[in-house]
Each structure stands twice: as C-alpha cells, then as structure tokens.
Amino acid sequence: MMIYRMLALNIDGTIVNRSGKIAKETKEAIEYVQHKGVPVTLVTSRSFNSAKKVAKSLNLTGPIITHGGAYIASELEKPLYVKKISETITYEIAHFLEGFPCQIQMAHERQSIIGKTNSPSKELARLSWQRESRLLYSKQYVDSISEHLTANPMTVPKISVILERKEDVWDIIAALTAMYDEVDAIPISENSLDIVPKGVSKLRGLMYLTERYALKKEQVVMVGAGVDDMDAMRCCGLGVAMGGAPAEVRKAADWVTRSQHEKGIPYFISEVFRKQHPIPFLKKMNIIKS
C-alpha cells in the first residue's frame, strides 16, 4: 500500500465553492489529514494574497504554490521561488492582447492591473476575477493596460486573459508560442488562459516543493478541477479529479471523487487516508525514513 506524504489541492472548484466559501466538512477533512502528519499545500492560479487567505482558513502554515507556479511562499516577504515576465515582454503581450475582445489582468503578487473590457458583450463583462478580495489584493482598473505600462513598467509572474470568443484562446497560444521563447501560454478554461514565464506551471511548482520536502512524486496526492491541473494530476502518485470537473480532467485522473456539492473532498480523504497510519507512527516503526 502506497503511503502518501503530501496532499496538494487546487482552490477554485475543489475546496472553495462559487460563493467563495469552504464547507465545514472540507475544513475538518483537511485538518484530519494534517493530524496524520501529512503536509497540505495549495496549488492555484490565484494571487499569493488571495490564496494565503484560503490557507489561513484551513490552518495551513507551509509554502503554497500560487500564480500558476510562478510564486511559491509561506509569507509574501519571503518567497521560496519567484519567476516573472520582463517589463518589455509584459508590455508587448499586453499590446498584442488588446487586439482581441477580452479582459486582461496583470497579476503581480501585491496588486493587479485590470484593463477595462474592450467588448460590449454582457457575458464577458460578467466573467471577471471577483474571487480576489479587494481587502487582500489591491486592484486597479485602467482603460488601456499597454498605455498604463508605458508610464508604469512592471514585471509580473502571470498575465491572465478572459476572451469573448473561445476560438481565440488557441490562436493566441499559437501566436505567443511562435513569438516568444520566454513565456508559456496555458489554457485555463474554454475561454481563458494564463501567460507565465517559460517553464512555470502548477506541476513544476509542485515538483519544486516535493524536492524541498525530500519527497518522491509517487508520495503526493494532487486534487484538481481544471485543465491546468491535469499535468500535476498525471505526474503524482494519485491524481484525483472533482466530480464536477470537465470530462477531459476526469479522464486524466486516477480517481474521480464526488462533486464539490456532494462533499467530494471529505469523501476522497476518508477513502484514501482513513487506513493510513500517522506519519510519526510510521517513522517510529521504521516503516518509512525521515
């Protein structure tokens, strides 16, 4: 029987519902895992400040993987790993993206710059980054991202884009891949994508953390709900998809739990960790090494 030494969780669609709440049963289940001596981390596209709020509500004190893998830290002032897109390329990409009906967010670890949507579409206006609390993560809305960056150059760990036309996602990915060796464009959903520094991903962020903990990837459980969780799910010892995840995500998983509404996290944790002895006990019995 595999002994799991780390639990990695995506946030949105996994532990936080559409109302921005975490179910009591989910909190209790994650606490149960920690009491067994298994560290729990978050692997998310959210900003560090927003993800840290979730971590605090779950009593997680260790490093969390944020900005899609570009910013790993326990505290904002003391990051373990940071990788950013240069000022020049940040500006050029913003200028390129403004040619599409979309909304752009420059997601810095301390604040975000959001361009006003350049489309009259009501659907696009509805889709935004509302889960990022203003109290924790400063937002500045500007008429033009590229004009703002001309006067205020900045490096960012991630650029997020929500598009009106689904087909534009893959056109943008193809164009950016051809234009730049310095960035990767990652689809997040059928109408959104993240642009991150080359080599950055949730998977690589998670592998960085497992190496720091001296763990093997086979000892890690990754639970996800989005397309950008799939690589990490496939690479870990156990990849778990939420029941409400898209079909392609469920297909990539080793195990599909119940939906978030059906308390998928508590169910999965009970099924997987209930029979596993606490890590301190296993070390004492020399079943596993420190």
Decide yes or no on side-chain contact (heavy atoms from CB on, under 4.5 Å) for Ile65 and Leu42, but give the supporting numbers first. CA-CA 6 Å; Ile65 301 159; Leu42 303 177; over 6 Å; no
Criterion side-chain contact (heavy atoms from CB on, under 4.5 Å) on Val221 and Phe268, from CA distance to verdict: CA-CA 11 Å; Val221 180; Phe268 141 72; 3.5 Å; yes
Test side-chain hydrogen bond (donor to acceptor under 3.5 Å, both in side chains) on Ser189 and Asn191; report intermediate values, then the result. CA-CA 5 Å; Ser189 70; Asn191 68 323; 3.1 Å; yes
For the pair Arg110 and Glu77, evaluate salt bridge (charged side-chain N to carboxylate O under 4.0 Å, His left out) and give the outcome as yes or no after the intermediate values. CA-CA 10 Å; Arg110 292 185 180 276; Glu77 303 295 341; 3.0 Å; yes
Begin from the C-alpha positions of Glu31 and Lys27 and carry the test salt bridge (charged side-chain N to carboxylate O under 4.0 Å, His left out) through to its verdict. CA-CA 6 Å; Glu31 183 178 358; Lys27 290 184 179 181; over 6 Å; no
Show your reasoning for whether side-chain hydrogen bond (donor to acceptor under 3.5 Å, both in side chains) applies to Glu262 and Ser259. CA-CA 5 Å; Glu262 297 170 320; Ser259 69; 3.1 Å; yes
Given salt bridge (charged side-chain N to carboxylate O under 4.0 Å, His left out), test Arg46 with Asp12 step by step and report yes or no. CA-CA 9 Å; Arg46 284 192 182 202; Asp12 297 302; 2.7 Å; yes
Between Gln34 and Leu60, is a side-chain contact (heavy atoms from CB on, under 4.5 Å) present by the stated rule, with each step listed? CA-CA 9 Å; Gln34 294 183 88; Leu60 308 184; 3.5 Å; yes
Could you walk me through whether Ile287 and Ile3 pass the side-chain contact (heavy atoms from CB on, under 4.5 Å) test, one step at a time? CA-CA 10 Å; Ile287 296 173; Ile3 297 170; 3.9 Å; yes
Give the intermediate values and the outcome of side-chain hydrogen bond (donor to acceptor under 3.5 Å, both in side chains) for residues Tyr4 and Glu218. CA-CA 8 Å; Tyr4 295 114; Glu218 292 81 11; over 6 Å; no
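Rounded to the nearest 0.5 Å, atoms CZ (Arg165) and CD1 (Ile172) are 9.0 Å apart. Atom OG of Ser86 is separated from atom CD of Glu182 by 7.0 Å, given to the nearest 0.5 angstrom. Distance check, rounded to the nearest 0.5 Å: OH of Tyr180 to CZ of Phe96 gives 8.5 Å. To the nearest 0.5 angstrom, Ile195 atom CD1 is 7.5 Å from Met106 atom CE. Rounded to the nearest 0.5 Å, atoms OG1 (Thr90) and CD1 (Ile113) are 12.0 Å apart. For the atom pair Thr41 OG1 and Leu7 CG, the distance stands at 9.0 Å (nearest 0.5 Å).
In the hydrophobic cluster analysis, where Ile, Leu, Val, Met, Phe, Trp and Tyr join through side-chain heavy atoms closer than 4.5 angstrom, Leu206 is grouped together with Val249. One hydrophobic cluster holds both Ile288 and Val272 under the rule that ILVMFWY side chains link at heavy-atom gaps under 4.5 Å. Leu215 and Met2 sit in two unconnected hydrophobic clusters of ILVMFWY residues. Membership requires side-chain heavy atoms under 4.5 Å apart, directly or through other members. Under a hydrophobic clustering in which Ile, Leu, Val, Met, Phe, Trp and Tyr are joined whenever their side-chain heavy atoms come within less than 4.5 Å, directly or via other members, Val161 and Ile186 fall into different clusters. Cluster annotation: Leu176 and Val227 are assigned to distinct hydrophobic clusters (Ile/Leu/Val/Met/Phe/Trp/Tyr, side-chain heavy-atom contacts under 4.5 Å, transitive).
Nearest heavy-atom pair across Pro197 and Pro157 is CD-O, 3.2 Å. Across Cys235 and Leu203, no two heavy atoms sit closer than the pair CB-CD1, 3.5 Å. Shortest non-hydrogen contact noted between Pro101 and Asp168 is CD-OD2, 4.1 Å. Thr66 approaches Tyr71 most closely through the heavy-atom pair OG1-O, 2.7 Å. Pairing each heavy atom of Ser45 with each of Asp194, the nearest pair is OG-OD2, 3.4 Å. Heavy atoms only, all atoms of each residue included: Gln276 and Val38 are closest at NE2-CG2, 3.8 Å.
A donor-acceptor distance shorter than 3.5 angstrom exists from the side chain of Lys52 to the backbone of Ser74, with no hydrogens or angles considered. With Glu147 contributing its side chain and Ser144 its backbone, the two residues share no donor-acceptor pair below 3.5 Å. Using modelled atom types, no side-chain atom of Arg5 and backbone atom of Gln219 make a donor-acceptor pair closer than 3.5 Å. Ser57 places a side-chain N or O within 3.5 Å of a backbone atom of Val54 that can act as its donor or acceptor partner. Counting only distance, with no hydrogens or angles, the side chain of Ser192 and the backbone of Ile188 share no donor-acceptor pair below 3.5 Å.
Side-chain contact of Lys202 with Asn10: a donor-acceptor pair under 3.5 Å is present, judged by distance alone. Checked by atom type, the side-chain pair Asp231/Ser201 shows no donor-acceptor distance below 3.5 Å. Ser146 and Glu98 share a side-chain donor-acceptor pair at under 3.5 Å.
With respect to Glu28 and Lys263, no salt bridge is recorded, no charged nitrogen being found less than 4.0 Å from a carboxylate O.
Between Phe281 and His277, the angle of the ring planes lies from 30° to 60°, which puts this pair in the tilted group. Note: Tyr267 and Trp255 have parallel aromatic rings, judged against thresholds of 30 and 60 degrees for the angle between ring planes.
Residues Val200 and Asp184 fail the side-chain proximity criterion, which asks for heavy atoms closer than 4.5 Å. Inter-residue side-chain proximity for Ile72 and Leu209 is flagged as met; some heavy-atom pair is nearer than 4.5 Å. Inter-residue side-chain proximity for Met154 and Leu149 is flagged as met; some heavy-atom pair is nearer than 4.5 Å. In this structure the side chain of Gln140 never reaches within 4.5 angstrom of the side chain of Ile114, judged on heavy atoms. With a 4.5 Å cut-off on side-chain heavy atoms, Tyr32 and Arg274 count as touching. Contact of the Met222 side chain with the Val43 side chain is registered, since non-hydrogen atoms from C-beta on lie closer than 4.5 Å. Between Leu97 and Ile159 there is a side-chain heavy-atom pair separated by less than 4.5 Å. At a threshold of 4.5 Å between non-hydrogen side-chain atoms, the residues His95 and Glu92 do not count as touching.
A side-chain contact (heavy atoms from CB on, under 4.5 Å) with Ile265 is found for one member of Val240, Thr257, Leu9, Val33 and no other, namely Leu9.
Every residue meeting the side chain to side chain donor-acceptor pair (under 3.5 Å) condition with Lys166, not counting sequence neighbours, appears here in chain and number order: Glu190.
Within 6.0 Å of the NZ atom in Lys198, the count of heavy atoms belonging to other residues, nucleotides or ligands exceeds 12. Within a 6.0 Å sphere centred on NZ of Lys36, other residues, nucleotides and ligands contribute more than 12 heavy atoms.
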